[in-house]
2 protein chains.
Amino acid sequence: MIVLAALEAAPAHGYAIIEEIRRRSGGAFDLPEGTVYPVLHRLETSQLLSSHWEKSPIGRRRRVYALTKHGSASLAARRTSWVQFSSAIEALLAEPKLCRT
Amino acid sequence: MIVLAALEAAPAHGYAIIEEIRRRSGGAFDLPEGTVYPVLHRLETSQLLSSHWEKSPIGRRRRVYALTKHGSASLAARRTSWVQFSSAIEALLAEPKLCRT
DNA sequence: TCCATTGCCTAGCAATACTAGGTATGGAAG
DNA sequence: CTTCCATACCTAGTATTGCTAGGCAATGGA
């Protein structure tokens, strides 16, 4: 979900995605390459991302990923799941405090 | 963290913990026994829980778990981690929307 | 020439959620 | 009395996956 969200605003290549996630999360998520690249491959296999090779301004090869239609839909679904999940966690964490009122 | 939180209010045995989690989460977390029992064993090995055998009113044996001091401290730490984690997720999920203002 | 940075990749380990079984008791239903 | 359901515990094994720890390659600066 994090990777899909990072690609929501604009397509990007792996290295940039990692930096974007680190930046947006205020450093909370500093995902190593060994985590992100396999995720990108899995997401592409699942048709949630599409990719093509590009050359950077200085000539380095890059694989640029973009959300597919399925990817956008999946992200929307994951967002909903996240809200339900985090609400449930909040409920579980909050309840004991109610008893101590 | 969920299991620790379920035991915060009062000690309980495995089966009751599962039902309590299901109830508190409004059904969102319906954890199978194969998930919860190993967790309880791990938490006890890590000294976050203590246990003893009891007899239920009708004579069935039960293993009742309680938070230890370490367990309470760990739960507090996990709560803090959760807040940071979920804040970071929110930041990652929210940002693109800001751009479309 | 050497190293840091950018940029991609994967093999393998470790953790763990869950499936799919097993055991045992008590009470209710037939 | 036997069968079934609910309670109550357990674990072996599988599948997933995050991460460590490497490797490869090109560029540009020291």
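All values below come from the heavy atoms of this structure, side chains included, with hydrogens, waters and symmetry mates left out.
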When every nucleotide of nucleotides 9-24 of chain C is labelled 5' to 3' by its protein contacts under 4.0 Å (heavy atoms), B for base, S for sugar-phosphate only, - for none, what sequence of letters results? BB-----SSBBB----
My understanding is that only residues two or more places apart in sequence, or in another chain, count here; which of them pass salt bridge (Lys or Arg N to Asp or Glu O under 4.0 Å) with B/Arg42?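 Scan of B/Arg42 (salt bridge (Lys or Arg N to Asp or Glu O under 4.0 Å), adjacent residues dropped) gives none.
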Applying side chain to side chain contact (heavy atoms under 4.5 Å, CB included), name anything that partners A/Ser50, two or more places apart in sequence or on another chain.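 In terms of side chain to side chain contact (heavy atoms under 4.5 Å, CB included), with neighbours along the sequence ignored, A/Ser50 is linked to A/Ala66, A/Thr68.
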Where at least one partner belongs to residues 51-71 of chain A, residue pairs that pass ring pair (Phe, Tyr, Trp, His ring centres under 6.0 Å), sequence neighbours excluded: none
Closest nucleotide among C/dC8, D/dT7, D/dC9 to the A/Tyr15 side chain: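 Comparing C/dC8, D/dT7, D/dC9 against the side chain of A/Tyr15, the answer is C/dC8.
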Using five pairs at each end of the helix from C/dT1-D/dA30 to C/dG30-D/dC1 to define an axis, what is the angle between those two axes, to 10°?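 The end-segment axes of the helix from C/dT1-D/dA30 to C/dG30-D/dC1 are tilted 10° relative to each other.
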The criterion is ring pair (Phe, Tyr, Trp, His ring centres under 6.0 Å); which residues satisfy it with B/Phe29, sequence neighbours excluded? A/Phe85
Between B/Arg79 and B/Glu8, is there a side-chain N and carboxylate O pair less than 4.0 Å apart?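 Salt bridge: yes.
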Please determine whether a side-chain nitrogen of the Lys or Arg among B/Glu19 and B/Arg23 lies less than 4.0 Å from a carboxylate oxygen of the Asp or Glu. no
Take the protein atom [atom1] of [X] and the nucleotide atom [atom2] of [N], then report the distance between them rounded to whole Å.
X       : N      : atom1 : atom2 : value
A/Ile2  : D/dT17 : CD1   : P     : 14 Å
A/Ile21 : D/dG18 : CD1   : C1'   : 13 Å
A/Lys55 : C/dT6  : NZ    : P     : 18 Å
A/Arg62 : D/dT27 : CZ    : C1'   : 13 Å
A/Ile18 : C/dG7  : CD1   : P     : 11 Å

Of A/Ile17, A/Val36, A/Leu7, A/Ile21, which meets side chain to side chain contact (heavy atoms under 4.5 Å, CB included) against A/Ile2? A/Ile21
Within the 4.5 Å heavy-atom criterion, are B/Leu4 and B/Ser74 side-chain neighbours or not? yes
